[in-house]
Undergrad: 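A single structure is presented below for examination.
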Amino acid sequence: MRHKLQQRLQEAVDELCSRSLLPADSQPEIKVERTRDPAHGDFATNLALVLAKAAGQRPRDLAEAIIGALPATPDIERVEVAGPGFINFHLAPGAYHQVVEQVLTAGDDYGRSDLGGGRPVQVEFVSANPTGPLHVGHGRGAAYGATVADLLAAVGYRVHREYYVNDAGRQMDILATSVWLRYLELAGETLSFPSNGYQGDYVWDIAATVHRNRGDAWRHPAAEVFADIPADAPEGDKEAHIDALIDRARTLLGAEPYREIFDLALNSILANIRQDLHAFGVDYDEWFSERSLTESGAVQQALDRLQAAGHLYEKNGALWFRSSDFGDEKDRVVVRDNGQTTYFASDIAYHMNKLERGYDRVIDVWGADHHGYVPRVKAALRALGDDPDRLDVLLVQFAILYRGGERVQMSTRSGEFVTLRELRQEVGRDAARFFYVMRKCEQHLDFDLDLAKSQSADNPVYYIQYAHARIASVMNQLAERGLSWDRAEGAAHLHLLHESHETGLMVAISRYPEVVEAAALLHEPHQLAHYLRELANQFHTYYNAHQFLVEEAGLRNARLNLIAAVRQVIANGLGLLGVSAPDSM
RNA sequence: GCGCCCGUAGCUCAGCUGGAUAGAGCGUUGGCCUCCGGAGCCAAAGGUCAGAGGUUCGAAUCCUCUCGGGCGCGCCA
């Protein structure tokens, strides 16, 4: 409807231009908005206010002229000028009746569109280091990224969901070494575990697998392992301590066994992560390995391209990228003085690879603590001659958990973090998914565990699901009374729906496609969450005010058509948020 | 110190990229089941949109400054 009005207005503007009542080049963006106050009609545009200055006319006069040039449309009952020069559209009563039929006919597809025209978009999200289970901090990125991806798919983009697996680098070596040390302990060695090692129980589990597979084959006396290793904190430097242990593990084990432990740790944790995400309703098209970039030579290729373009230089034995030439605040190291490429170097290659794959748009969902990283990645793309605007980095702020009004402390070090799995088990997938996307992503999120768990009025998830279940229940009630829903008869009697609650609901469900569109294009799933709450509220109000199962068959079926459409919209909306729409609760 | 994000009702947050009288939920107070699920509904109270300037027909929204909170500024990933 909104698009239809925009078209009509465009025709009116063209008409006025051709009659020289407007400057020929006046082609403003025509904005048609829903009105906030029903007294202002259903839709309004500020077009006349925007054009007034260029046209040299008073806004209200211009508005009249535009209305005069507007093609007639049966859906519109009347058009009027209001306030300083707004043009308000009042729709004919029948205009909203057709939306009920549209919803029922389209079913699960209602709200979907082909706005994206099948253009390919990539969404990369979570991408947590596979050094341990996902915790609640990752949950928000998972819920947000998955929902943004689903929304984009709903409006017609071909979405590729990707997880970047950081399977190279020091953190993974620390993990592999941690596993080996735990293995030694299982084999009977006594040692003091490094303070910087991974201490979670899952490390013991992986070590146990190693011990089961290999027995004592890879056992070395603790004294040999720790010989000449620099002291751990607090006396010494914990970083130097763990690095020396990594080297020792490689030397004593040899390349092959070390790799076996490394890969076992990597794969078991990755499997765990994949399983967690799947249970959370989050699935990927691709798990992209960082190591593969090094092994395929892609990293070297990226560096060569930067070198050839003259953007690299040597300093203090390291190779630097002159990112400050491209908007970054300072230059960055890409190859360390020990010859190893940095994580950033891999990331340059990775993003180059993404763009080369031909996506229209590449979306990265990152934790807000990585925001300082954005300029350097964009700088690299610019230096490589790519368009950095094809990359959208969406920063997600932290979620803070509350239980009993107290902040839940999370500490990865101690291994006492709350995992995503624990959260799901405690509050359920539906509540978790919903709560995570209830807020704008750049807003800090207070996650109240007690509220998410409570099956009560103040829990928005249950509130919305309850509306859905209530409608299903009405349908059951209908059958119990020996009646059935006649959709055709309902469709023929939609004109009987003239209660304010009814027109309100029809307006609401007609808005749904616009909400999905906005939520998708602006990457703001919270808009959909809020919309669904409002829709549920309108339904509950209607439910309390009017009886659906009335004697008169025409009215009864018309109302059933309406609430069936509401149920459909709630189900579609919750589906996009990864939340179930149960028939009974 | 520099950079990014945030500041709206007692609390948690919306506010549709500059529109008309700033809205919800929770909490508080008072009402509503012989009726389709009370996990619901209705009503009331509650605001200097952190503060000060500016831009214009019009600002919670855009610009500048100040104050307050979060995060980031590695040859870590």
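Throughout, protein chains are lettered first and strands after them, A, B, ... in sequence-line order, and every chain is numbered starting at 1.
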Undergrad: Using a 3.5 Å distance criterion without hydrogens, assess whether the side chain of A:Asp583 forms a donor-acceptor pair with backbone atoms of A:Ala472.
TA: no
Undergrad: Would you indicate what A:Leu395 reaches in the nucleic acid, counting non-hydrogen atoms under 4.0 angstrom: base, sugar-phosphate, or nothing?
TA: nothing
Undergrad: Using atom CG of A:Leu47 as one end and atom P of B:rG58 as the other, report the distance to the nearest whole Å.
TA: 20 Å
Undergrad: Consider only side-chain N and O atoms of A:Thr131 and A:Gln171, and report whether a donor and an acceptor are under 3.5 Å apart.
TA: no
Undergrad: At under 4.0 Å between heavy atoms, which parts of nucleotides 70-77 of chain B does protein reach? Answer with one letter per nucleotide, 5' to 3': B base, S sugar-phosphate only, - none.
TA: SBSSSBSB
Undergrad: Should A:Arg559 and A:Glu552 count as an ion pair when the cut-off is N to O under 4.0 Å?
TA: no
Undergrad: Does the side chain of A:Asn46 get closer than 4.0 angstrom to OP1 or OP2 of B:rG18 through an N or O atom?
TA: no
Undergrad: Would you call A:Arg332 and A:Asp347 a salt bridge, using N to O less than 4.0 angstrom?
TA: no
Undergrad: Is the Lys NZ or Arg CZ of A:Arg470 less than 6.0 Å from the centre of A:Tyr543's six-membered ring, within 45° of the axis?
TA: yes
Undergrad: Would you sort out whether A:Val99 and A:Tyr512 count as a side-chain contact (heavy atoms from CB on, under 4.5 Å), showing the intermediate values?
TA: CA-CA 11 Å; A:Val99 80; A:Tyr512 176 71; over 6 Å; no
Undergrad: Hey, is A:His526 doing a stacking thing with B:rA14, by the 5.5 Å centroid and 30° angle criteria?
TA: no
Undergrad: Considering every strand and a 4.0 Å limit on heavy-atom distances, what is the contact class for A:Ser584: base, sugar-phosphate, or nothing?
TA: base
Undergrad: NA contact type, A:His540, heavy-atom cut-off 4.0 Å: base, sugar-phosphate, or nothing?
TA: sugar-phosphate
Undergrad: Salt bridge between A:Glu162 and A:Lys354, side-chain N to carboxylate O under 4.0 Å?
TA: no
Undergrad: When all nucleic acid strands are considered with a 4.0 Å heavy-atom cut-off, which category describes A:Met585: base, sugar-phosphate, or nothing?
TA: base
Undergrad: Would you give me the side-chain donor-acceptor pairs under 3.5 Å for residues 318-326 of chain A, sequence neighbours excluded?
TA:
{"residue": "A:Trp320", "atom": "NE1", "partner": "A:Lys315", "partner atom": "O", "Å": "3.1"}
{"residue": "A:Ser323", "atom": "OG", "partner": "A:Asp328", "partner atom": "OD2", "Å": "3.1"}
{"residue": "A:Ser323", "atom": "OG", "partner": "A:Lys330", "partner atom": "O", "Å": "2.7"}
{"residue": "A:Ser324", "atom": "OG", "partner": "A:Asp331", "partner atom": "OD1", "Å": "2.6"}

Undergrad: On RNA chain B, nearest-nucleotide positions of A:Ala469 versus A:Thr35: which is more 5'?
TA: A:Thr35
Undergrad: Going by atom types only, do A:Asp364 and A:His351 share a side-chain donor-acceptor pair under 3.5 Å?
TA: yes
Undergrad: Between B:rG19, B:rA14, B:rC42, which nucleotide has the shortest distance from any of its atoms to the side chain of A:Lys440?
TA: B:rA14
Undergrad: Which whole number of Å gives the distance between the C1' atom of B:rG68 and that of B:rG51?
TA: 11 Å
Undergrad: Sticking with atom P, work out how far B:rC36 lies from B:rC16, rounded to a whole angstrom.
TA: 41 Å
Undergrad: Report the distance from atom CZ of A:Phe434 to atom C1' of B:rC13, rounded to the nearest whole Å.
TA: 12 Å
Undergrad: Rounded to whole angstrom units, what separation is found between the CZ atom of A:Arg439 and the C1' atom of B:rA14?
TA: 8 Å
Undergrad: For A:Asp42 and A:Leu91, indicate whether the former's side chain and the latter's backbone hold a donor-acceptor pair under 3.5 Å.
TA: yes
Undergrad: Syn or anti for B:rC11, please, going by whether the chi angle lies within 90° of 0.
TA: anti
Undergrad: Of the candidate nucleotides B:rA14, B:rC41, B:rG37, which contains the atom at the shortest distance from the side chain of A:Thr541?
TA: B:rC41
Undergrad: Any donor and acceptor pair, going by atom type alone, linking the side chain of A:His540 with main-chain N or O of A:Tyr463 inside 3.5 Å?
TA: yes
Undergrad: Can you tell me how far P of B:rG37 sits from CZ of A:Phe539, to the nearest Å?
TA: 10 Å
Undergrad: What does A:Asn88 touch in the nucleic acid at a heavy-atom separation under 4.0 angstrom: a base, only the sugar-phosphate, or nothing?
TA: base
Undergrad: Roughly how many Å apart are B:rU8 and B:rG69, using the C1' atom of each and rounding to a whole number?
TA: 16 Å
Undergrad: Given the P atoms of B:rU55 and B:rU64, what is the spacing between them in whole Å?
TA: 15 Å
Undergrad: Sticking with atom C1', work out how far B:rC42 lies from B:rC33, rounded to a whole angstrom.
TA: 14 Å
Undergrad: Kindly state whether the pair A:Tyr543 / B:rG40 counts as stacked, where counting means centroids closer than 5.5 Å and planes tilted less than 30° apart.
TA: no
Undergrad: Using the P atoms only, state how far B:rA50 lies from B:rG15, rounded to an integer number of Å.
TA: 15 Å
Undergrad: A:Asn537 or A:Ile87: which one's nearest nucleotide on RNA chain B is closer to the 5' end?
TA: A:Ile87
Undergrad: Expressed as a whole number of Å, how far does the C1' atom of B:rU17 sit from that of B:rA59?
TA: 13 Å
Undergrad: Can you measure A:Ile471 atom CD1 to B:rC36 atom P for me and round it to whole angstrom units?
TA: 17 Å
Undergrad: Who are the side chain to side chain donor-acceptor pair (under 3.5 Å) partners of A:Tyr343, not counting sequence neighbours?
TA: none
Undergrad: Which of parallel (below 30°), tilted (30 to 60°) and perpendicular (above 60°) describes A:Phe548 and A:Phe539?
TA: tilted
Undergrad: Choosing from B:rC42, B:rG25, B:rC36, which nucleotide comes nearest the side chain of A:Arg533?
TA: B:rG25
Undergrad: Please list, chain by chain and in numerical order, all residues satisfying ring pair (Phe, Tyr, Trp, His ring centres under 6.0 Å) with A:Phe288, sequence neighbours excluded.
TA: A:Tyr350
Undergrad: Is there a residue in residues 544-565 of chain A whose heavy atoms reach under 4.0 Å of RNA chain B, and which residues are they?
TA: A:Asn544, A:His546, A:Gln547, A:Phe548, A:Leu549
Undergrad: Sticking with atom P, work out how far B:rU61 lies from B:rG7, rounded to a whole angstrom.
TA: 11 Å
Undergrad: Runs of at least three consecutive Watson-Crick or G-U pairs, both distances under 3.5 Å, are what I'm after; which ones involve RNA chain B?
TA: B:1-7 with B:67-73, B:10-13 with B:23-26, B:28-32 with B:40-44, B:50-54 with B:62-66
Undergrad: Measure the distance from OH on A:Tyr462 to P on B:rG38 and round it to the nearest whole Å.
TA: 18 Å
Undergrad: Whole angstroms only, please: what is the CD-C1' distance between A:Glu80 and B:rA20?
TA: 13 Å
Undergrad: Over how many whole Å does the gap from A:Leu532 atom CG to B:rC13 atom P extend?
TA: 20 Å
